Amino acid sequence: MSGKNKKELAATFTPAEIEAPLYKKWQDAGYFKADAKSKKAPFTIVIPPPNVTGSLHIGHALDHTIQDLLIRMKRMKGFEALWLPGMDHAGIATQNVVEKQLASEGKSRHDLGRDAFIEKVWQWKAESGGVILDQMKRLGDSVDWDRQAFTMDANLSKAVLTIFKKLYDKELIYRAERIINWCPRCLTALSDIEVEHKEDVGEFVSIKYGDDDLNITIATTRAETMLGDGAVAVNPNDDRYKHLVGKKVMLPLVDRMIPIIADELVDPDFGTGAVKVTAAHDPNDFQMAMRHGVEIVVIMNEHGVMAGTGTKFDGMDRFDARKAVVDELKKQGRVVAEKKPYLHAVGHCQRCETTVEPRLSKQWFVKVAPLAKAASDAVRDGRVKIEPQEMAPRYFEWVDNMHDWCISRQLWWGHRIPVFYGPNDEVVVCGPDEKPPAGYTQDPDVLDTWFSSALWPFSTLGWPEQSDDLKKFYPTSVLVTGYDILFFWVARMMMMGLFAMDGKQPFDVIALHGLVRDQFGKKMSKSRGNTVDPIEFMDKYGSDALRFTLARGANPGTDQALAEDWVGGSRNFATKLWNATRFAMINGASVSGAMPKRSELNAIDSWILTRLDQTITEADDLFEKFEFAKACELIYHFTWDDLCDWYLELSKSTFTAGGANAAKSQRVLGEVLDKLLRLMHPVMPFITEELWCSLTDGQSLMVADWPKSDPSSQDVKSIEQVTKMQEIVTEIRRFRNDQGIKSTAKIAAKFTGLENVGLADYEGALRSIVKCDLTDGNFTAKTQVGEVVIEFDLTGAIDLVAERARLSKDLQIAQKDRDTAKVKLDNQGFMAKAPAEVVTEIKTRLAQTTADIDLLTALLEKLPK
RNA sequence: ACCGCUGUAGCUCAGCGGAUAGAGCACCCCUUUGACUCAGGGGUAGGUCGCGGGUUCAAAUCCCGCCAGCGGUACCA
């Protein structure tokens, strides 16, 4: 009765053979496309834009598995589902790649000039950028490729100009001279989040300033900066130094008189309690300098090389100069104390690891306070939900303490700052389609990449135009990302989204997942050499296996460990599913025709339908709550244990017998697989598609309906019956095992009392699953499960020692359980205060264990000596 | 230093007031080539729930302290 187009399933499942063709099939059919004109309710996810220079790593694989899972599920649920892909232009990273290329030809970007260089970058992007996009297809990502976006696209660039001007007009963007994080290698300013603080080994030297008449000892780890000191600061309440405040002291090596000032910022308990103030090279010193009018002396150039000090140290690298300065001071006997090694946190460039140099320079900043407050409030008042909620404090911690955001980058690749300067330093900001007055020159810098990434949830949908997409799909439904980058762009997207879209949040939910770690829970890193390649895993085990492994490990907001073995286990699971379906089809599983009435079904069929229904209800609920690990666990358990180990085994005799009973079970089995495959599709899209199409002759699971549960069909009695069957089977297996009977050996057995537990009709099924087919014999041994007695013909082969040991052990356990129950019931406090259900439960347990004890005692006594 | 998170079976993790603490993988024993052999089936074994106090009839679960690990933040020059 198989349909004409039904494919025979191959004997083994080979992921590589089905994955690419199925992806193509989906793409060709247009299933990934979303329609802005649709009447369906929207469900939107914009991809957290990966880097154009990047390739797929295991963290993306997890991130994308979750997004694809949600999108596929919502699509099946009848939403107009849009998953919008794209990339950001990664200013520094991309420029680095191309500059390296040029360097290998002995050229620098300056040899080419700005326009030619940018052209070169575009060329690089066309040839080798965006590798990740192709890799996403391997994962099965059901993204709408027609809407693919790039932060440097015309429309997204227009969005950047528009928002810049808007912010400037509202005085939320300003230009100022500040101490910023400067990378002397990348030659650009960095924002706070592009700086990584790491413990460095340094040296903490105490240096005596001044002479015999007037001196003060300061302590520093950056001796070279003393050449640019403008003052020495002490705490105003520090009695040791009070008398020196207002006096001037001689700065060694440069022979300059500098004032001693008093400022609260100085901690009297740290170091010597006296601090050198180098306003041009330290953010705190700069603050103090502003307060006290201290002279600002710049002593380094952009490369971190000493310059303009008028000393012999000019021309030396900052680190060489540090040593040289200390040596020189030592010679002069000014080094009073040295502490080394001295561990302290130092900022490093996230991209190139170079030690960041705080540097005084004029840059453009976003005034974040008002924007951050809006971003904070949106979460606080519940318009945006963070999942899991325990992560919210981290968000607040970050957003509420954000410093102003330096957005200038001294690069060429990126959105050029739309500011033009007139001959007398007039400033004009140009929005899209606006022209600066003649003779004005544009700011040479570009904007931080994240300035454009922050617009992603709406710029990709057409903003600033009021496009159909924007109307249909904004606000997006959920942003899926790792908690480690919650701050990187989530906070920025929130700020910009709320600002640009008149207070409408960029997403309703922020769903955070953890990091993928190695099998020992260690963070993966190239230097540790413990990274894994998702592509390699997909080659070896299939995409579905990788996806399932990741989804199964994805507890909300917590990290997960990943080992190759786990992926292998998921591959085995996929194989199990494949073979179960194949077996079902060989045995005539069918999806056509009406389902038999519940009343006509045997307990086993009714049970599996009940379990299926429970599984659908619970898994659906868990998926909706972003509890992917638990949902997968549930599905795994249902498939492997309930369906394969119990249902199929218990039903084999029915299928073999054939006839009307078999036909009913075949229909039931078809129904179970049909719904199960639908339920699993979002997690394992490839294998489920292949199996489902074979089983049902359907077009595609991608556009099939999500399985609905029907709680009214719950059959509690069938659960009791099958649970009883499982107990009997387990006991017989245990008995056979203890007696050393091969699991394939067919032995004789006699069942008594099945009718007492409503299993009179299931003796055949029971006999078949435990290979006790024979009914005649000399029954010399027996065991018992409640009211059911099973006797065996072991023709004197019974191992009395093993059996007695076993029974004694069970008896002991039962006695212990009975005792604990008794203690509870004798406890007056418990009887008085515990809820009635709990008391009843304990009473039942007492009765149960007492019965068990009687039974075991009797069996022990009857056991031949 | 501060904030946050974590500490449960050999490993990775669930459980987060109801008492017999679970799963996957690994181990051990038996078994299998008639859905499953890069497999499958069955059966065992394995845990002072980090440590110490407290609250409760009842604590892995709540509170306090401590220890250990991780992450983030930080102006300690």
Side-chain angles (χ1 to χ4, degrees), chain A residues 9 11-13 192 197 204 218-222 225 233 265-267 269-272 274-278 282-288 344-345 358 390-391 393-394 397-398 401 483-484 486-487 514-515 517-523 540-541 549 552-553 555 557-563 565-566 568-573 575-587 629-630 633 636-637 640 644-645 648-649 652 729-730 733-738 740-745 770 813-814 816-817 820-821 823-824 827-835 837-839 841-842 845 849:
Chain A
L9 284 177
T12 50
F13 167 50
D192 290 349
H197 287 267
F204 194 47
I218 58 91
T220 182
T221 54
R222 303 193 57 203
T225 61
L265 202 62
V266 181
D267 176 359
D269 297 326
F270 187 79
T272 60
V275 189
K276 58 195 276 310
V277 180
T278 321
D282 183 283
N284 296 314
D285 292 4
F286 182 73
Q287 276 182 41
M288 287 196 277
H344 62 143
E390 300 88 80
M391 288 285 174
R394 289 168 91 149
E397 167 79 18
W398 175 266
N401 296 307
Y483 66 79
D484 56 327
L486 178 61
F487 325 115
L515 273 42
R517 294 167 173 274
D518 76 4
Q519 58 182 311
F520 304 112
K522 289 266 178 284
K523 202 169 181 172
K540 271 170 102 166
Y541 304 105
T549 308
R552 192 185 188 184
N555 286 300
T558 46
D559 293 348
Q560 64 170 297
L562 180 76
D565 280 357
W566 297 200
S570 297
R571 189 267 322 272
N572 293 349
F573 177 55
T575 307
K576 187 79 181 173
L577 179 69
W578 181 274
N579 280 294
T581 308
R582 187 165 153 263
F583 175 75
M585 288 173 68
I586 290 167
N587 282 281
K630 291 188 183 75
E633 200 61 48
Y636 181 94
H637 176 252
W640 203 307
C644 294
D645 282 356
L648 290 179
E649 294 301 332
K652 274 180 180 170
V729 168
T730 303
R733 281 173 174 164
R734 186 237 100 210
F735 187 85
R736 289 181 58 128
N737 213 284
D738 283 359
I741 301 159
K742 283 195 171 190
S743 56
T744 42
V770 290
I813 292 170
K816 199 182 138 220
D817 289 351
T820 43
V823 168
K824 289 289 154 200
N827 181 339
Q828 295 195 344
F830 175 78
M831 294 303 284
K833 294 189 180 174
E837 312 89 81
V838 177
V839 176
E841 198 191 315
I842 302 294
R845 188 176 307 153
T849 49

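A quick note: this is a predicted structure, and the numbers were derived from the prediction, not measured. Proteins come first, then strands; the chains are lettered A, B, ... in the order of their sequence lines, and each starts at number 1. Side chains are part of it too, since the values below use all heavy atoms of this structure and drop only hydrogens, waters and symmetry mates.
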Answer with base, sugar-phosphate or nothing: what part of the nucleic acid does A:T730 contact at a heavy-atom distance below 4.0 Å?
sugar-phosphate
Whole-Å distance separating the CE atom of A:M288 from the P atom of B:C76
13 Å
Is A:W578 touching bases, backbone alone, or none of the nucleic acid, heavy atoms closer than 4.0 Å?
nothing
Of the listed nucleotides B:C25, B:G42, B:A77, the one nearest the side chain of A:R733:
B:G42
Polar atom pairs between nucleotides 3-9 of chain B and protein, under 3.5 Å, N or O only, would you list them?
none

Carefully, step by step, assess A:Y483 and A:L515 under the rule side chain to side chain contact (heavy atoms under 4.5 Å, CB included).
CA-CA 8 Å; A:Y483 66 79; A:L515 273 42; 4.0 Å; yes
Suppose you measure atom C1' in B:G71 against the same atom in B:A60; what distance do you get, rounded to whole Å?
24 Å
Step-by-step side chain to side chain contact (heavy atoms under 4.5 Å, CB included) determination, A:V838 to A:K824:
CA-CA 10 Å; A:V838 177; A:K824 289 289 154 200; over 6 Å; no
When the C1' atoms of B:C11 and B:G46 are compared, how many Å lie between them, rounded to an integer?
13 Å
Using a heavy-atom cut-off of 4.0 Å across all strands, would you classify A:N555 as base, sugar-phosphate, or nothing?
sugar-phosphate
Nucleotide nearest A:Y636 (side chain, heavy atoms from C-beta), chosen from B:G18, B:C75, B:C25
B:C25
Can you tell me how far P of B:A77 sits from CG of A:D267, to the nearest Å?
11 Å
A:T225: which residues meet the side chain to side chain donor-acceptor pair (under 3.5 Å) condition with it, sequence neighbours left out?
A:K276
Which residue lies toward the 5' end of RNA chain B, A:E633 or A:K824, if each is placed at its nearest nucleotide?
A:K824
Please give, in whole Å, the distance from B:G69 C1' to A:D559 CG?
13 Å
To the nearest Å, how far apart are A:N401 CG and B:C75 P?
11 Å
For A:R845, check side chain to side chain donor-acceptor pair (under 3.5 Å) against everything at least two apart and list the hits.
A:E841
Any side-chain N or O of A:K630 under 4.0 Å from OP1/OP2 of B:C13?
no
Name the nucleic acid region contacted by A:R736, choosing base, sugar-phosphate or nothing; use a 4.0 angstrom heavy-atom cut-off, strictly under.
nothing
The side chain to side chain donor-acceptor pair (under 3.5 Å) partners of A:S570 (sequence neighbours excluded) come to A:T549
Considering only side-chain heavy atoms of A:W566, which listed nucleotide, B:A19, B:C13, B:C25, is closest?
B:C25
Using whole Å, report how far CD of A:Q287 lies from C1' of B:C75.
8 Å
Mind checking side chain to side chain contact (heavy atoms under 4.5 Å, CB included) for A:A584 and listing every partner two or more places apart, or none if nothing turns up?
A:A589, A:L669, A:L673
With sugar-phosphate meaning primed atoms plus P, OP1 and OP2, does A:F13 contact a base, only sugar-phosphate, or nothing at under 4.0 Å between heavy atoms?
nothing
When rounded to the nearest 0.5 angstrom, what is the spacing between CZ in A:F583 and NZ in A:K576?
10.5 Å
When you check the phosphate oxygens OP1 and OP2 of B:A77, does a side-chain N or O of A:N284 lie under 4.0 Å from one of them?
no
According to side chain to side chain contact (heavy atoms under 4.5 Å, CB included), who are the partners of A:T558, at least two apart in sequence or on a separate chain?
A:N555
Let me know the distance between CZ of A:F573 and P of B:G40, rounded to the nearest Å.
12 Å
Taking only residues two or more places apart in sequence, or in another chain, which ones meet A:A834 in a side chain to side chain contact (heavy atoms under 4.5 Å, CB included)?
A:F830, A:V839
Give RNA chain B the dot-bracket treatment, 5' to 3': Watson-Crick (N1-N3 with N6-O4 or O6-N4) or G-U (N1-O2, O6-N3) under 3.5 Å, [ ] crossing, | other strand.
((((((((.[[[[.)..(...]]]]..((((........))))......[[[[[..)....]]]]])))))))....
Can you name the residues that form a side chain to side chain contact (heavy atoms under 4.5 Å, CB included) with A:D267, not counting sequence neighbours?
A:D269, A:F270
Taking B:A21 as the reference, what is the distance to B:A9 when you measure between their P atoms (whole Å, please)?
14 Å
Could you tell me how far apart A:F735 (CZ) and B:U31 (P) are, to the nearest whole angstrom?
18 Å
When you compare B:C29 with B:G72, how far apart are their P atoms, in angstrom units rounded to a whole number?
45 Å
With rounding to the closest Å, how many angstrom separate the C1' atoms on B:C36 and B:G42?
16 Å
Suppose you measure atom P in B:C66 against the same atom in B:C75; what distance do you get, rounded to whole Å?
27 Å
Mark yes or no for a side-chain to base donor-acceptor pair under 3.5 Å between A:R845 and B:U20, with no hydrogen or angle criteria applied.
yes
Strictly under 3.5 Å: I want the nitrogen or oxygen pairs between protein and nucleotides 33-39 of chain B, one per line.
| residue | atom | partner | partner atom | Å |
| --- | --- | --- | --- | --- |
| B:A35 | O2' | A:N579 | OD1 | 3.0 |
| B:A35 | O2' | A:R582 | NH1 | 2.9 |
| B:A35 | N6 | A:E649 | OE2 | 3.4 |
| B:A35 | N3 | A:N579 | O | 3.0 |
| B:A35 | N3 | A:A580 | N | 3.4 |
| B:C36 | O4' | A:N579 | OD1 | 3.3 |
| B:C36 | O4' | A:N579 | ND2 | 3.3 |
| B:C36 | O2 | A:K576 | NZ | 3.4 |
| B:C36 | N3 | A:K576 | NZ | 2.7 |
| B:C38 | O2' | A:R571 | NH2 | 2.9 |
| B:C38 | O2 | A:R571 | NH1 | 2.8 |

Only counting residues at least two apart or in another chain, list the ones meeting side chain to side chain donor-acceptor pair (under 3.5 Å) with A:E649.
A:K652
Between A:Y483 and A:T221, the residue closer to the 5' end of RNA chain B by nearest nucleotide is A:Y483
Taken in chain and number order and not counting sequence neighbours, the residues that satisfy ring pair (Phe, Tyr, Trp, His ring centres under 6.0 Å) with A:Y541 are none
Let's see if you can work this out: which of B:G71, B:A19, B:U12 has an atom nearest to the side-chain heavy atoms of A:F830?
B:A19
May I ask you to decide if A:V823's main-chain N or O and A:N827's side chain share a donor-acceptor pair within less than 3.5 Å?
no
What interatomic distance, in whole Å, is found between C1' of B:U8 and the corresponding atom of B:A23?
13 Å
Tell me the interatomic distance from A:D565, atom CG, to B:U12, atom P, rounded to whole angstroms.
14 Å
Treating A:R222 as the side-chain partner and A:D282 as the backbone partner, does any N or O pair qualify as donor plus acceptor under 3.5 Å?
no
Interatomic distance at P, B:U44 relative to B:C30, whole Å:
15 Å
